Protein chains: 2
Amino acid sequence: MPRVAGQIDLSKTEAILDAAVDVMAERGPQAPMEEIARRAGVSKQTIYNHYGSKAELARAMAERRAHQVVETLAAPGAVERPEEALAAYARVLLNSVVNVRSMAIYRMAMAATATMPEVARAIYEAGPRASRRSLADFLRVENAAGRLSCPDPLQAAEFFGGMVLGRYQTAALLGAQIELTDDEVEAVAQEAAARFMRAYAV
Amino acid sequence: MPRVAGQIDLSKTEAILDAAVDVMAERGPQAPMEEIARRAGVSKQTIYNHYGSKAELARAMAERRAHQVVETLAAPGAVERPEEALAAYARVLLNSVVNVRSMAIYRMAMAATATMPEVARAIYEAGPRASRRSLADFLRVENAAGRLSCPDPLQAAEFFGGMVLGRYQTAALLGAQIELTDDEVEAVAQEAAARFMRAYAV
DNA sequence: TCAAAAATGGACTGACGGGTCCAAGATCGA
DNA sequence: TCGATCTTGGACCCGTCAGTCCATTTTTGA
């Protein structure tokens, strides 16, 4: 008995996850299950049939998001100058992380750290950490090819991620400025890439 | 009727704030007022006499912390090579931000974003933003003196803060690795300072 | 010394929300 | 077609907490 007739028929679990993210973006981590159900056009019981508890639901939300972001980052990546590749990475990172939905998930995960530490940790590994690791792989290759001088690629990747996200992630998590124009994204991406290249020039 | 006899006699408000931070570090943002009162050796009513609500208490916690950190960062700062000054800044930043207490306050502020946005925003301005601004002041001077080439000091300051904290802050907020040995702090501080110098060399 | 102000503790209310139950539909697979 | 399975809605139980009340004690300051 779908409430919204003209909608694409997402599998129910997707709909629930989407609703959970949206509701938490609006009401914070303690958003009631009842409202998530309503938003998903589904009964509360159905959610409990799919995910046994709110904690399970939370974990599922976060994992899905992490995979989405990491996949996007691991996009084709045609052979280009390292500076281009870095700028591209930065662009994607900013666009996928600095927005209401990602923030909602981060906040939820962080609030949960005290009560369900394994979940929060898993999110860190599957999200930011995995994404930096894949950047580190790229840097390792560039280093071997002599296009960069980068003895500790993982650290360099973490530095780059920090430069790009640092300010915006903190601000967004604290509710100051969560919108970023394309121009801003572009400017930050290019500047960060350029500075990084100088810092790690051969 | 102090419960702990041999203790230094902190003013009651300080004791409450300390207790609030500790309890939230253990139980998360939704820690009950009753436990905070118990920990502070004070009655619940007394807390409500000092701070009218939990939100007020939260704001007071965060503001005190922000001021502590920012003051520490704005320490004397003898005239030194810019690289030394940057490394010193990084050291202090890591030590004051990457620890259970600061994390507890961040998590609380973030969880509160949905329900009390002004508070969260104020924390951003008084904390990370203010701290970067003071670093930017330093960079501006170095730029004028021709020791760095840094046309946008605030952006550079944000980049530096991101490099230093990026990984550790995210990991700590998500409950992975909140301890950092002195050696690690030192290594990260020096590497970040050195890379930054290259990135912004004249 | 003593009254005013602050603190105590412990009982209490009221809201909220996680999670369960269940009887009545709706869907689906063979 | 028909039973098995899933969904629905809505009542319901129960624990948890913010915030209040109040009668009593403690602290303070003049």
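Proteins get letters first, then strands, A, B, ... in listed order; numbering begins at 1 in each. If you're wondering where the values come from, they're calculated on a predicted model, not measured in any experiment.
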- Task: Can you sort out the partners of Ala66(B) under side-chain contact (heavy atoms from CB on, under 4.5 Å), two or more places apart, ordered by chain and number?
- Result: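 For Ala66(B), the residues satisfying side-chain contact (heavy atoms from CB on, under 4.5 Å) (neighbours in sequence not counted) are Ala126(B).
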
For [X] and [N], give me the distance from atom [atom1] to atom [atom2], rounded to whole Å.
X        : N       : atom1 : atom2 : result
Lys12(B) : dA6(C)  : NZ    : P     : 12 Å
Glu35(B) : dC17(D) : CD    : P     : 9 Å
Arg38(A) : dG10(D) : CZ    : C1'   : 13 Å

Give a yes or no answer on whether the side chain of [X] reaches the backbone of [Y] with a donor-acceptor pair at less than 3.5 Å.
X         : Y         : answer
Thr113(B) : Leu173(A) : yes
Gln30(A)  : Arg27(A)  : yes
Thr46(A)  : Val42(A)  : no

- Message: Among residues 20-34 of chain B, which ones have heavy-atom contacts with DNA chain D below 4.0 Å?
- Response: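 Contacts with DNA chain D under 4.0 Å: Arg27(B), Ala31(B), Pro32(B), Met33(B).
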
- Item | Contacts of Arg39(A) that satisfy salt bridge (charged side-chain N to carboxylate O under 4.0 Å, His left out) - sequence neighbours left out | Glu26(A), Glu35(A)

- Task: Enumerate the residues from residues 44-54 of chain B whose closest heavy atom to DNA chain C is under 4.0 Å, giving them by residue number; use none for an empty result.
- Result: Gln45(B), Thr46(B), Asn49(B), His50(B)

- Query: Considering residues at least two apart in sequence or located in another chain, which fulfil the side chain to side chain donor-acceptor pair (under 3.5 Å) criterion with Glu184(A)?
  - Reply: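 Here the qualifying residues are Thr181(A).
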
- Item | Salt-bridge contact Arg140(A)-Asp152(A) (side-chain N to carboxylate O under 4.0 Å) |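 So Arg140(A) does not pair with Asp152(A) through a salt bridge.
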
- Task: Specify the angle, to 10°, made by the local axes at the two ends of the helix from dT1(C)-dA30(D) to dA30(C)-dT1(D) when five pairs are taken at each end.
- Result: 30°

- Between CD on residue Glu83(B) and CZ on residue Phe196(B), distance to nearest 0.5 Å: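 The distance works out to 11.0 Å.
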
- Rounded to the nearest 0.5 Å, how far does CG of Leu139(B) lie from CG of Leu86(B)? 6.5 Å

- Message: Do Ser131(B) and Tyr89(B) pair up side chain to side chain, a donor and an acceptor below 3.5 Å, judged on atom types alone?
- Response: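 Yes, because at least one side-chain N or O of Ser131(B) sits under 3.5 Å from a partner of the opposite role on Tyr89(B).
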
